[in-house]
Amino acid sequence: MNSQKNFHKPPVSPKVRRHRRKRRLILGGAAVVLIALIVGIVFLIRGCTAGSPPESSSPATTTTQPATTTTESSSQTTTQAPTTPATTEPTEPQGVDDSYFDNACFIGDSRTQAFMMYAGPANAADFSSKGLSISKVFSDKTVKLDGQELSVSDALGKKQFGKVYIMLGLNELGWSYPEIFADRCGDLIDRIKETSPDADIFIQSILPVTAARNDRGDYINNARILQYNELLKNLCKEKQVAYLNVREAVEDENGCLPDEASSDGVHLNKTYCQKWYDYLKTHTNAADYIPS
Amino acid sequence: MKSMKKIGCFLLSLLTAGLLFTGCQGKKDVTIDVAALADALKSSVPFEDELAEPNEAAVTNIYAIDEADIAAKKIYVGSGATAEEIAVFEGKDEAAAGRIKTAVDQRIADQRSAFEDYNPEEQEKLSDPVIVTTGKYVILCVSNDNEAAKKCIDGYTKG
């Protein structure tokens, strides 16, 4: 049996051939027009969606309980503010350059943190943190060092420094017993002497607050600051380390921080952090600033 | 008739493909002047704190970002009195921008932790900061006026 199909088509007349050709041309033309239309729509839509709002997101809100503060109870002192010490002579009138501080370590609270951020030496170790107090120096892990979170005391044990600058006390102004603050600062000095026996240690005076902040009438006031600074100076005499009166770099004739120096009366802006740094760069010989 | 159907199916397929392609390419890449946007935010958004640019070396302490990921940046940080901050980054590409966004999120988390006891009033700003990602760009603004920040950013991100 012959299973092959017969594909032979009957011959097509010229008229039919012309008709088919004409039809193909019309359809082809229509296809081209349609394609052009589609491409045009695509570009139009892309042009319109340029104005669409970008993706916006906010991080998930964390729910954290406020930690209980552990500072001593606040009480405003009514003691007469001692007079501001005389201006300290610079040992390097021209000022050292940034590299001098490559082997330095800065320990302090939010003021030191801003100092390091705005003006401080790029290569110095930054052991500052918001709210740091002398009681947290030995207990709270506030320093990130080589991938670890350490207390300041532990972090000091990881590296030897040539100079250590300390400014603490603002967060301790409310303590009922300022002498405890001084004693604990003494412990910190001992720790630095243990971990970096050759380091020059500079205890920086606590910087003043503005007159407006002072006049709020709470424990953060310039009289209280001066009282703490006297304790620190006596401590430096006892421990034979430098007491660096950096407040004279920023205070006005009344012993206050100028209004222009701070938006909240306490934290220094960039300009005044730079004044602070200029002071450090010109007061470098620790032996000159050990109280006698 | 058969050829008409074939042509019709082909054109329908083309139309569908064209529309799908349009959907995938919906967003036009924007180009942002990073410094100009940061400055515009600083001048147009009301801040309580005095913001200033940090030292270059300090930026790595603030944001854990590989320098190789950054094409351009401008940052303004507060004095410590508040958590207010502006940061505008251009990543080398969108993947880099993704990593920058992660670092920005971490910065906010770190600030929340830092201000928790120090100045709890700042938690309100930190609970809903303005963080915008578009293409290669990541924009952060921490302030008391998110609407002003968003309005300013929209002026630079809409083509």
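Throughout, protein chains are lettered first and strands after them, A, B, ... in sequence-line order, and every chain is numbered starting at 1. The basis for the numbers below is simple: all heavy atoms, side chains too, and nothing from hydrogens, waters or symmetry mates.
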*Centroid separation B/Phe47 to B/Tyr76 less than 6.0 Å*: no
*Determine, using ring centers only, whether A/Phe106 and A/Phe115 are less than 6.0 Å apart.*
yes
*Any chance the side chains of A/Tyr277 and A/Asp98 put a donor and an acceptor closer than 3.5 Å?*
yes
*asked:* Quick check: do A/Leu268 and A/Ser262 have side-chain heavy atoms less than 4.5 Å from each other?
replied: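 With C-beta onward as the side chain, the pair stays apart.
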Side chain, backbone, both or neither: which part of [X] has a heavy atom under 4.5 Å from chain A?
{"X": "B/Gln111", "result": "side chain"}
{"X": "B/Ile139", "result": "neither"}
{"X": "B/Asn146", "result": "neither"}
{"X": "B/Glu48", "result": "backbone"}

*For chain A, find which of B/Ser113, B/Gly135, B/Ala58 contributes the most heavy-atom pairs closer than 4.5 angstrom.*
B/Ala58
*B/Val59, B/Val77, B/Asn61: which one forms the most heavy-atom pairs within less than 4.5 Å of chain A?*
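Of the candidates given, the most pairs with chain A belong to B/Val77.
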*So with a 6.0 Å cut-off around NZ of A/Lys281, is the heavy-atom count from everything else above 12?*
yes
*asked:* If I measure from the heavy atoms of chain B, does A/Ala119 come under 4.5 Å with its side chain, its backbone, both, or neither?
replied: backbone
*Considering only heavy atoms, which portion of A/Met117 lies under 4.5 Å from any heavy atom of chain B: side chain, backbone, both, or neither?*
both
_On a heavy-atom basis, which atom in B/Leu51 and which in B/Glu84 lie closest, and how many Å separate them?_
CD2-O, 3.6 Å
